[in-house]
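These notes are about the structure you will find just below.
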Amino acid sequence: MMEVIEGCRLPVLRRNQENEDEWPLAEILSVKDINGRKVFYVHYIDFNKRLDEWVTPERLDLKKIQFPKKEAKTPTKNGLPGSRPNSPERELKRKLEAVSLATQCSPVTPVTAASEIPTPVYAQQNGSARRPVSVGAGRKRKANCLGTDEDSQDSSDGIPSAPRMTGSLVSDRSHDDIVTRMKNIECIELGRHRLKPWYFSPYPQELTSLPVLYLCEFCLKYLKSLKCLQRHLTKCNLRHPPGNEIYRKGTISFFEIDGRKNKNYSQNLCLLAKCFLDHKTLYYDTDPFLFYVMTEYDCKGFHIVGYFSKEKESTEDYNVACILTLPPYQRRGYGKLLIEFSYELSKVEGKTGTPEKPLSDLGLLSYRSYWSQTILEILMELKSENGERPQITINEISELTSIKKEDVISTLQYLNLINYYKGQYILTLSEDIVEGHEKAMMKRHLRIDSKCLHFTPKDWSKRGKW
């Protein structure tokens, strides 16, 4: 055990989703002593960071340990040890390697430029196993080219403020260090749920050693003990997120929160969300953002289910900056409901939108599923006119769904629907795709009802409204 240091790599025993034991390669990120016994914080290579954990020595395979390589040092002109100076050739090679590595690590969704595929695409099959459909020039319609469109805490309970963080909502992975690579919160109690965080979140360092961090489920204020939480609840008057309720159907409600008017809530929401979002960094200045919080209502109040944030002004057509469904509510259709709501807002604004990249692994799965179901729904509702094959353009699909054209094209490519047939690019829907889509839609019980949305978009270009 004395040989196991930070940076070592070796197989570590873990249990997979099938409840089977496996020995994936892992890197030791940290070592600490608990009651005279060492424990190791490991990151499983090629696995998501949310699976990182503290392990005991019994789970380490020391026979296959790989020690970190030490960088070679060369003496300087003074005879003192130092790094070998870089020649221009070595510096150029280092930069090229860095660019290559960044390219390999960046999640890229293959997208064909719109110019590579003619605008007219279509169409629908009527019962045959797989039948290509040709189209003519397509109907012309004016394309919608309009662009669309996360920390402080009062210390009344003796809790220090969280550190102020600035930067882009999309994190720069090159700034990762050993601290932010490790989970720092053991457990969060939020209402009737206890959550085990997946990633690092910059809560005050004094709170990271606590076995449980308590949050008020209505204002999201963080507290150090259950007694402090109970005292806080006697003073907190909120029973729903601050801001305007702009949607309600059944027990589901959406609240619109202005990051400038409700700064404390917005910053607390970002701290909570960072526990479950790896690709995002926090914003101290929440003024440029709107937060749309989805809640579930019962006799005790409106309980947070998830949220997405959105820039008030976006020059890159982003209609979502961060999006999250809290773990107790995942795999129940709420993620797609959040995505559908974001596009419903874009429809009201008369714009097309796309989520800010890069998406997390779970976010990418949710968006691909939503885009696929939405586009297939449009294609399957097409009807032929005068006995001719039905036709539609990519621009028309984008206008009907408010999904950005590049996302429409990448989804069609992902579904392998685009084919080249007799000099034209066409879409073909096989029976397998149709049957799979129908089964998926039967399971999708939660949908947004546009009649229940009461939303008036604002012109944020006028700074007075900020």
Do [X] side-chain atoms and [Y] backbone N/O form a donor-acceptor pair below 3.5 Å?
X: Ser398; Y: Ile403; result: yes
X: Glu22; Y: Arg14; result: no
X: Ser314; Y: Glu311; result: no
X: Thr286; Y: Gly259; result: yes
X: Asn16; Y: Asn19; result: yes
X: Ser369; Y: Leu365; result: no
X: Gln267; Y: Asn264; result: no
X: Ser366; Y: Leu362; result: yes
X: Lys274; Y: Phe200; result: yes
X: Asp361; Y: Leu364; result: no

Ring centers of [X], [Y] separated by less than 6.0 Å:
X: Phe254; Y: His454; answer: no
X: Phe291; Y: Phe308; answer: no
X: Phe218; Y: His240; answer: no
X: Tyr222; Y: Tyr203; answer: yes

Quick one, [X] and [Y] - any side-chain contact, counting heavy atoms below 4.5 Å?
X: Ile375; Y: Leu412; result: yes
X: Leu417; Y: Thr411; result: no
X: Pro241; Y: Ile257; result: yes
X: Trp54; Y: Lys32; result: yes
X: Arg50; Y: Asp278; result: no
X: Pro355; Y: Asp407; result: yes
X: Pro211; Y: Glu186; result: no

Plane angle bin for Tyr292 and Phe455 - parallel if under 30°, tilted between 30 and 60°, otherwise perpendicular: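 Rings of Phe455 and Tyr292: perpendicular, over 60°.
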What's the separation between atom [atom1] in [X] and atom [atom2] in [Y], rounded to the nearest 0.5 Å?
X: Ile304; Y: Leu269; atom1: CD1; atom2: CG; answer: 5.0 Å
X: Glu245; Y: Ser253; atom1: CD; atom2: OG; answer: 4.0 Å
X: Lys347; Y: Glu399; atom1: NZ; atom2: CD; answer: 12.5 Å
X: Asn48; Y: Tyr199; atom1: CG; atom2: OH; answer: 3.5 Å
X: Glu189; Y: Tyr214; atom1: CD; atom2: OH; answer: 5.0 Å
X: Leu215; Y: Cys275; atom1: CG; atom2: SG; answer: 8.0 Å

Between [X] and [Y], does any side-chain N to carboxylate O distance fall below 4.0 Å?
X: Glu53; Y: Arg15; value: no
X: Arg181; Y: Glu6; value: no
X: Lys263; Y: Asp287; value: yes
X: Asp317; Y: Lys405; value: no
X: Glu377; Y: Arg444; value: no

[X] and [Y]: side-chain donor and acceptor closer than 3.5 Å?
X: Glu344; Y: Tyr247; value: no
X: Tyr44; Y: Glu27; value: no
X: Glu217; Y: His303; value: yes

For the student: nearest non-hydrogen atoms of Lys310 and Leu345, plus distance: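 Of all heavy-atom pairs spanning Lys310 and Leu345, the closest is NZ-CB, 4.2 Å.
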Check the pair Leu453, Ile448 against side-chain contact (heavy atoms from CB on, under 4.5 Å), reporting the backbone distance first and the verdict last. CA-CA 9 Å; Leu453 176 62; Ile448 295 295; 5.8 Å; no
